[in-house]
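Input: a single structure, listed below in structure tokens.
Side chains included, hydrogens not; waters and symmetry mates left out as well; all remaining heavy atoms used.
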Amino acid sequence: MAHFRGLTILFPVWNEESGIHRAIAAAQETCETLLAEDEIDDYEILIVDDASTDATGAIADEMARSEPRIRVIHHPENRKLGGALKSGFSEARKELVLYSDADLPFDMAETRKACRLMRIYRSDIVAAYRHSRTGEGFVRAFYSHVYNWLVRISLGLRIRDVNFAFKLCRRRIFEQVRLESEGSFIDAELLARADRLGYRIIQFGVDYFPRTHGISTLSSVGVIRTIIREMFRVTPEIWRLRRLPPGKLATPVSPADGPVAASRVGAASRQPER
């Protein structure tokens with residue numbers, strides 16, 4: 001019996017016609033491996049086309065017609081990363097949701113390790129960080145270092161690589177984690193809200209592969225301005241959040257994990273709120 005009731009791999013895309021086939025193929029290969037290993041019992045690949053101006057949307061639709069496990073959502077207007085992720089999280093159907101970029105900044109096979117870590121450590125989110133960032137250039141690495149420092153200071157969030165596009169989440173957290181950001185602050189908001197509510201977040205390192213095609217806008221002046229504006233707007237609300245009661249935080253146990261694991265989680269759910 002599988003450990004998890006399915007996995008949604010979510011790709012928010014904008015003008016990724018040159019790389020979307022490779023991304024979907026890598027996701028399918030990894031998901032088929034997870035199926036064979038009984039880590040998951042089903043999967044879907046969810047593409048959110050954020051009003052691309054190239055052939056990305058048409059390519060995605062063509063793949064969806066030939067493979068029922070691929071679904072496509074089209075935005076009539078560009079809503080940026082935050083808007084695309086919110087659409088994807090709300091439409092995901094499986095127990096786990098992995099968010100990634102279509103330029104494959106990591107080996108998709110790392111998803112196997114992330115699922116195993118989530119299962120073993122009873123975590124709600126597994127967030128990956130890059131072992132090395134030298135491949136993205138000094139300027140962007142510097143911006144990221146400053147941003148991670150600001151997030152740690154302003155939100156008390158001890159995450160090594162806030163904006164890296166590898167976050168494996170239990171879908172149930174989105175019943176309580178209500179996201180507002182439309183821009184790239186969405187990553188920090190997701191992690192900070194989950195942390196304040198008491199969900200368990202763990203991290204692990206992966207090798208990083210810089211973008212070789214398409215366009216990255218993360219370090220543009222407009223994106224940075226939006227991040228700062230949303231940070232000032234959302235941060236006070238995040239600090240007002242209070243930890244959820246233990247019953248809402250208890251991690252569900254798969255029958256594949258056995259009665260011992262179930263008894264441990266049941267005992268943990270009865271611990272007093274800290």
Do the side chains of Phe174 and Leu190 get nearer than 4.5 Å, heavy atoms only? yes
Non-hydrogen side-chain atoms of Glu16 and Asp101 separated by less than 4.5 Å: no
Quick check: are there more than 12 heavy atoms from other residues, nucleotides or ligands sitting under 6.0 Å from CZ of Arg69? yes
Check whether any side-chain heavy atom of Arg170 sits under 4.5 Å from a side-chain heavy atom of Phe4, and report yes or no. yes
Say whether, by atom type as modelled, one donor and one acceptor occur between the side chain of Arg119 and the main chain of Glu39 under 3.5 angstrom. no
Check for a donor-acceptor pair, side chain of Arg171 on one end and backbone N or O of Thr8 on the other, with a separation under 3.5 Å. no
If you draw a 6.0 Å radius around CD in Glu67, do more than 12 non-hydrogen atoms from other residues or ligands fall strictly inside? yes
So, applying side-chain contact (heavy atoms from CB on, under 4.5 Å) with Thr111, which one of Thr33, Ile40, Leu34 is it? Leu34
Between atom CG of Asp124 and atom CE of Met118, what is the distance when rounded to the nearest 0.5 Å? 7.0 Å
If you measure only the distance, is there a donor-acceptor pair under 3.5 Å linking the side chains of Glu32 and Tyr43? yes
Around Arg112, counting heavy atoms of other residues, nucleotides and ligands shown, do more than 12 lie under 6.0 Å from its CZ? no
Between Gln28 and Ile70, is there a side-chain heavy-atom distance shorter than 4.5 Å? yes
Verify, without hydrogens or angle tests, whether Asp50 (side chain) and Arg79 (backbone) share a donor-acceptor contact under 3.5 angstrom. yes
Would you mind reporting whether Lys86 and Ile186 have side-chain heavy atoms less than 4.5 Å apart? yes
Let's go through Leu157 and Arg196 carefully: what are the C-alpha distance in whole Å and the side-chain angles of both, what is the deciding distance for side-chain contact (heavy atoms from CB on, under 4.5 Å) to 0.1 Å, and is it a yes or a no? CA-CA 9 Å; Leu157 189 62; Arg196 292 287 295 175; over 6 Å; no
Could you give me the CA-CA distance, side-chain angles and deciding distance for Glu180 and Arg193, then say whether salt bridge (charged side-chain N to carboxylate O under 4.0 Å, His left out) is met? CA-CA 11 Å; Glu180 296 184 12; Arg193 285 184 184 272; 3.6 Å; yes
Can you find a pair of side-chain heavy atoms, one from Asp41 and one from Arg5, that are under 4.5 Å apart? yes
Validation row: Leu117, Ser123 side chains within 4.5 angstrom (heavy atoms): no
So for atom CZ, which belongs to Phe204, do other residues, nucleotides or ligands contribute more than 12 heavy atoms lying within a distance under 6.0 Å? yes
Main chain of Ser154, side chain of Trp239: is a donor-acceptor contact present, judged purely on distance under 3.5 Å? yes
Any chance you could lay out the side-chain contact (heavy atoms from CB on, under 4.5 Å) test for Leu85 and Leu179, step after step, and finish with the verdict? CA-CA 9 Å; Leu85 285 181; Leu179 301 170; over 6 Å; no
Does a sphere of radius 6.0 Å around NZ in Lys167 hold more than 12 heavy atoms from other residues, nucleotides or ligands, not counting ones at 6.0 Å or beyond? yes
For Glu29, give me all partners under side-chain hydrogen bond (donor to acceptor under 3.5 Å, both in side chains), at least two apart in sequence or on another chain. none
Side chain to side chain contact (heavy atoms under 4.5 Å, CB included) against Asn148, all qualifying residues, sequence neighbours excluded: Arg133, Ser144, Asp161, Val162
Would you compute the distance between atom CG of Leu46 and atom CZ of Phe11 and round it to the nearest 0.5 angstrom? 10.5 Å
Go through the steps for Lys248 and Glu175 under the test salt bridge (charged side-chain N to carboxylate O under 4.0 Å, His left out), then give the verdict. CA-CA 10 Å; Lys248 287 186 176 293; Glu175 297 171 5; over 6 Å; no
Taking side-chain hydrogen bond (donor to acceptor under 3.5 Å, both in side chains) as the definition, give me every residue that meets it alongside Arg160, ordered by chain and number, with sequence neighbours left out. Tyr129
What about the rings of Phe166 and Tyr208, do their centers lie closer together than 6.0 Å? no
Got Pro236 and Arg240 here, is their nearest side-chain heavy-atom distance under 4.5 Å? yes
